[in-house]
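Since the structure comes first, as structure tokens, the remarks are kept for the end.
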Number of protein chains: 2
Amino acid sequence: MKQISTRFSMAIHTLSLISMNPNDSTGDYIAASVNTNPVVIRRIMGMLKKAGLVEVRPGIGGASLRRDPESITLLDVYRAVHAADEDQLFRVHTDTNIHCPVGRNIERVLQEELQAAQSEMERRLERTTLAKVIHQFE
Amino acid sequence: MKQISTRFSMAIHTLSLISMNPNDSTGDYIAASVNTNPVVIRRIMGMLKKAGLVEVRPGIGGASLRRDPESITLLDVYRAVHAADEDQLFRVHTDTNIHCPVGRNIERVLQEELQAAQSEMERRLERTTLAKVIHQFE
DNA sequence: ACCGTTGTAACCATTATAGTTACTACGCAA
DNA sequence: TTGCGTAGTAACTATAATGGTTACAACGGT
């Protein structure tokens, strides 16, 4: 099965470090904690920046949160790093046979059901703040 | 972003047709409604069979449900077609730096949070039965 | 001017997906 | 018994996302 990318968990990791230690939080420093290549972290920081979650200091290095960690939810992070796609968790097959009553209606019916399931998941992510996550590291 | 495979929606489509019309439900017939290659359907039918949801008739052709559509939930189907992986929706990066308090704890902390979000989604899938889906085609 | 940093482009290996061809095994019906 | 339509599967393909890597330009403080 296709799983949700580790970009998401790496982004939470990244935000935690930035929140706890803004000055040291260079791409290299975070990469050492995540244990990956600094470019991977810089890419994620770019997405977090575009989403308005962090402010990065080019030249001097480091980054800081642009919002209170109490106000940043895991859903915010999830959306930030999955920016590209239209954030539909479930794919539904299309171009079905319109001469069949199932083929004609399946897409609409499933979109409703699956969107509901996705929303439940997202609501749960929304209930956890970055602050709550960070609290478990201190 | 990586989305959940159309195998899931195709499997619901397949089960709907089998339930409504067991005798006609050959791989070719279903493939014509889904608009894909019959082998894709036969692969999905194999997974549904392994999960105990359908009974296939080799030689003669067609298939039938092994359980009442009222008792088959979308979660059953979801689990059936994602059989391979350990059904963890979210991947979490591993091998983090254990000398960092964040790196040392991130995996455990996130596994809990993300499992909770996944469970919410699954609970929602569990509340919709195949019968309810089929009802919308009739 | 130097140096460490950020921002990106480009490339790569790996993996899952969905489709395809091809072949064997099955079971009814002529 | 043979033929035919079907299921079951292996093998191959093209496509796409991922995560890592190298390389280099731009930035900014010392």
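Chain naming here is simple, since letters A, B, ... match the order of the sequence lines and numbering starts at 1 in each.
Both A:Ile60 and A:Arg42 lie near DNA chain D, and the one whose nearest nucleotide falls closer to the 5' end is A:Arg42.
When the P atom of C:dT15 is taken as reference, atom CZ of B:Arg91 falls 10 Å away, rounded to whole Å. The distance from atom CG of B:Asp95 to atom P of D:dG20 is 10 Å, rounded to the nearest whole Å. Computed from coordinates, the A:Arg7 CZ to D:dG20 P distance equals 12 Å when rounded to whole Å. Rounded to whole angstrom, the span from the CG atom of A:Asp28 across to the P atom of C:dT6 amounts to 7 Å. Rounded to a whole Å, the CG atom of B:Asn37 is 12 Å from the C1' atom of C:dA22. Here D:dA7 presents its P atom at 18 Å from NZ of B:Lys50, a figure rounded to the nearest Å. Regarding B:Gln3, its CD atom lies at a distance of 12 Å from the P atom of C:dT17, rounded to whole Å. Atom CE of B:Met47 and atom P of C:dA18 are 10 Å apart (whole Å).
Contact check, A:Thr36 against D:dG19: no side-chain N or O comes under 4.0 Å of OP1 or OP2. Within the 4.0 Å cut-off from OP1 or OP2 of C:dG7, at least one side-chain nitrogen or oxygen of A:Lys49 is found. The side chain of B:Ser5 contributes an N or O atom lying less than 4.0 Å from OP1 or OP2 of C:dA18. Under 4.0 angstrom from either OP1 or OP2 of D:dG19 there lies at least one side-chain N or O belonging to A:Thr6. Note on B:Arg43: every side-chain N or O is 4.0 Å or more away from OP1 and OP2 of D:dA7.
B:Val39 comes within contact range of at least one nucleobase, with a heavy-atom separation under 4.0 Å. Residue-level contact check: A:Gly61 touches the backbone only, with heavy atoms under 4.0 Å from sugar-phosphate atoms and none from bases. When heavy atoms are screened at a 4.0 angstrom cut-off, A:Gly46 is found touching no nucleic acid atom at all.
For B:Arg123 and B:Glu126, the salt-bridge test fails: no basic side-chain N is under 4.0 Å from an acidic carboxylate O. Between A:Glu70 and A:Lys132 there is no salt bridge, since no side-chain nitrogen of the basic residue lies less than 4.0 Å from a carboxylate oxygen of the acidic one. Ion pairing of B:Arg79 with B:Glu122 is present here, as a side-chain N (NZ or NE/NH1/NH2) and a carboxylate O approach within less than 4.0 Å.
The OG atom of A:Ser16 sits 12.0 Å away from the CG atom of A:Asn21 when rounded to the nearest 0.5 Å.
In this structure, B:Phe8 and B:Tyr78 have perpendicular ring planes: the angle between them is above 60°, well past the 30° mark.
No hydrogens or angles were tested; on distance alone, nothing pairs the side chain of A:Arg57 with the base of C:dT6 as donor and acceptor under 3.5 Å.
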